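Start at 1 and go down the list; that is how both ligands and their atoms are numbered. As the structure is a computational prediction, the values presented were derived from the model and not from experiment. In what follows, every heavy atom counts, from backbone to side chain, and hydrogens, waters and symmetry copies are set aside.
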Amino acid sequence: MTELIPATPENIARAARVIQNGGLVAFPTETVYGLGADAMNAEAVARIFFVKGRPPTDPLIVHLSGLEQVSHVATSMSPLARKLAESFWPGPLTLILPKRSDVPSLVTSGLNTVAVRVPNHPVALSLLHTAGCPIAAPSANRFGHTSPTTAQHVWQDLQGNVDLILDGGETIVGVESTVLDVSTDPPRILRPGGITREALQEVIGTVIVSQQNPIAGESFSSPGLLEKHYAPRAEMILFKGKNARTALLAEVAAMRAKGKKVGALLEDKDAEALAESGATIYRLGSDLATIAHRLYAGMRWLDEQGVDLIVCKDFDETGLGLAIRDRLRRAATRVIERNG
Ligand code: TXA
Ligand code: MG
């Protein structure tokens with residue numbers, strides 16, 4: 001039985017007891033909802049993999065109540081890692097650190113590193129402080145599906161399989177944390193996310209972005225970054241290149257002529273160009289923060305409308321655009337590039 005309850009102080013205290021007793025609690029963070037268990041309890045962590053349908057080769061992020069808890073799961077923190085933690089925690093930055101041997105190997109899929117972050121959300125922080133243990137938490141969705149940004153999204157994916165869902169309203173950032181490997185020089189972004197490359201570079205200088213474009217078939221450096229990820233159920237086509245919008249409009253017309261119901265996930269200026277196209281349109285907004293915030297909800301909403309196909313357009317890599325582009329590319333089943 002799963003209970004969906006408001007994140008009141010009493011319910012957070014109850015959720016903390018569930019975690020301490022080896023149960024599973026879905027809770028809001030500033031990025032997306034997480035599916036949490038006591039990170040030091042191997043059996044509880046095993047349940048996370050089971051209910052998500054997540055392969056054991058895909059390691060989890062360990063959430064901490066503060067910088068002082070790092071020593072519970074990691075053997076050391078370089079001066080650079082500490083500087084980043086001091087600048088961005090609590091916040092959507094996940095650091096890859098050397099793992100302590102008493103962290104169950106299931107958490108890290110057998111790697112000798114552990115991914116850690118301090119979430120910037122009052123409910124998550126209160127849960128972490130009250131439970132008193134590090135909490136391992138992937139996004140609270142079925143594996144491969146779109147990440148949840150509301151408690152209702154979690155309910156749709158995981159009802160019946162988790163003990164509690166704490167409802168703390170919509171998440172703010174909307175895309176997951178930035179995962180940064182600080183063991184290399186320069187440090188490397190393994191997954192772009194809520195903290196931008198530019199923001200990181202202001203603090204520590206050059207940061208590179210690991211090339212892990214699933215469509216180009218390049219290799220992955222973060223285990224578990226599988227090809228189809230963050231995806232809606234409908235087929236999704238991503239248009240890129242100079243004439244992306246024209247090609248997108250032509251595809252919508254062609255598919256509509258075949259009797260297909262077409263959904264479009266677009267920023268406002270592109271959405272306006274499609275107003276007369278007959279597509280079911282989800283407007284993402286006009287600034288990158290709003291677009292990131294609405295991205296996953298838009299994919300889920302279009303699925304609910306029963307569309308056969310979703311069309312979307314590429315973003316450039318500035319600021320949050322890098323994370324938005326990454327999620328669209330992973331969600332897409334096909335990419336069409338038009339330059340001429
Ligand atoms: O914003 C977020 O990060 C959310 C919230 C709930 O905190 N969590 C999240 O977790 O997105 P998940 O499990 O969906 O993604 C974890 C990512 C995966 O890409 C995984 O490969 C990477 O972190 N990761 C975890 N441990 C790692 C490690 N030791 N080395 C490299 N990558 C790691
Ligand atoms: Mg996930």
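In this structure, R191 and S177 have side chains that are in contact, with non-hydrogen atoms separated by less than 4.5 Å. Side-chain contact between V18 and N21 is absent, with no heavy-atom pair separated by less than 4.5 Å.
When each of R325, R338, K240 is tested with D314 by the rule salt bridge (Lys or Arg N to Asp or Glu O under 4.0 Å), just one qualifies, namely R325. When the options H145, R142, K52 are evaluated for a side-chain hydrogen bond (donor to acceptor under 3.5 Å, both in side chains) with D157, the one that passes is H145.
Counted by atom type alone, S109 and T57 present zero donor-acceptor pairs between their side chains at under 3.5 Å. With no hydrogens or angles considered, a side-chain donor-acceptor pair links T8 and N11 at under 3.5 Å. For the residue pair T206/Q201, the side-chain donor-acceptor check at 3.5 Å is not satisfied.
Contacts with ligand 1 closer than 4.0 Å are made by side-chain heavy atoms of D58 only, the backbone lying farther away. The residue K99 has no part lying near ligand 1, judged by heavy-atom distances below 4.0 Å.
Between the side chain of D38 and the backbone N or O of I19, no donor-acceptor pair lies under 3.5 Å. A donor-acceptor distance shorter than 3.5 angstrom exists from the side chain of T178 to the backbone of G193, with no hydrogens or angles considered.
Residue T31 has at least one heavy-atom neighbour below 4.0 Å for each of these atoms of ligand 1: 1 (O), 2 (C), 4 (C), 5 (C). In the vicinity of A115, heavy-atom distances shorter than 4.0 Å reach the ligand 1 atoms 25 (C), 26 (N), 27 (C). Listed by atom number, the atoms of ligand 1 under 4.0 Å from L60 heavy atoms are 25 (C), 26 (N). Within ligand 1, counting atoms from 1 as listed, the ones closer than 4.0 Å to a heavy atom of H63 are 5 (C), 6 (C), 7 (O). Set against the non-hydrogen atoms of S139, the atoms of ligand 1 under 4.0 Å away are 8 (N), 9 (C), 10 (O), 12 (P), 14 (O). Every atom of ligand 1 is numbered from 1 in the order shown, and the set under 4.0 Å from a heavy atom of I96 is 27 (C), 28 (C), 30 (N), 31 (C), 32 (N), 33 (C). Atom numbering of ligand 1 starts at 1 in the shown order; those under 4.0 Å from a heavy atom of L111 are 28 (C), 29 (N), 30 (N).
Contact annotation: T108 has no heavy atom less than 4.0 Å from any atom of ligand 1. Under a 4.0 angstrom heavy-atom cut-off, E30 registers as lying outside contact with ligand 1. At least one heavy atom of R54 lies less than 4.0 angstrom from ligand 1.
Taking only nitrogen or oxygen atoms, main chain and side chain alike, E176 does not reach within less than 3.5 Å of ligand 1. Inclusion of Y33 in the set of residues having an N or O under 3.5 Å from an N or O of ligand 1 is not warranted. Between T29 and ligand 1, no N or O atom pair is found at a separation short of 3.5 Å.
Ion pairing between D270 and R283 fails under the 4.0 Å rule for side-chain N and carboxylate O.
The nearest N, O or S atom of S139 is closer to the Mg ion (ligand 2) than 2.8 Å.
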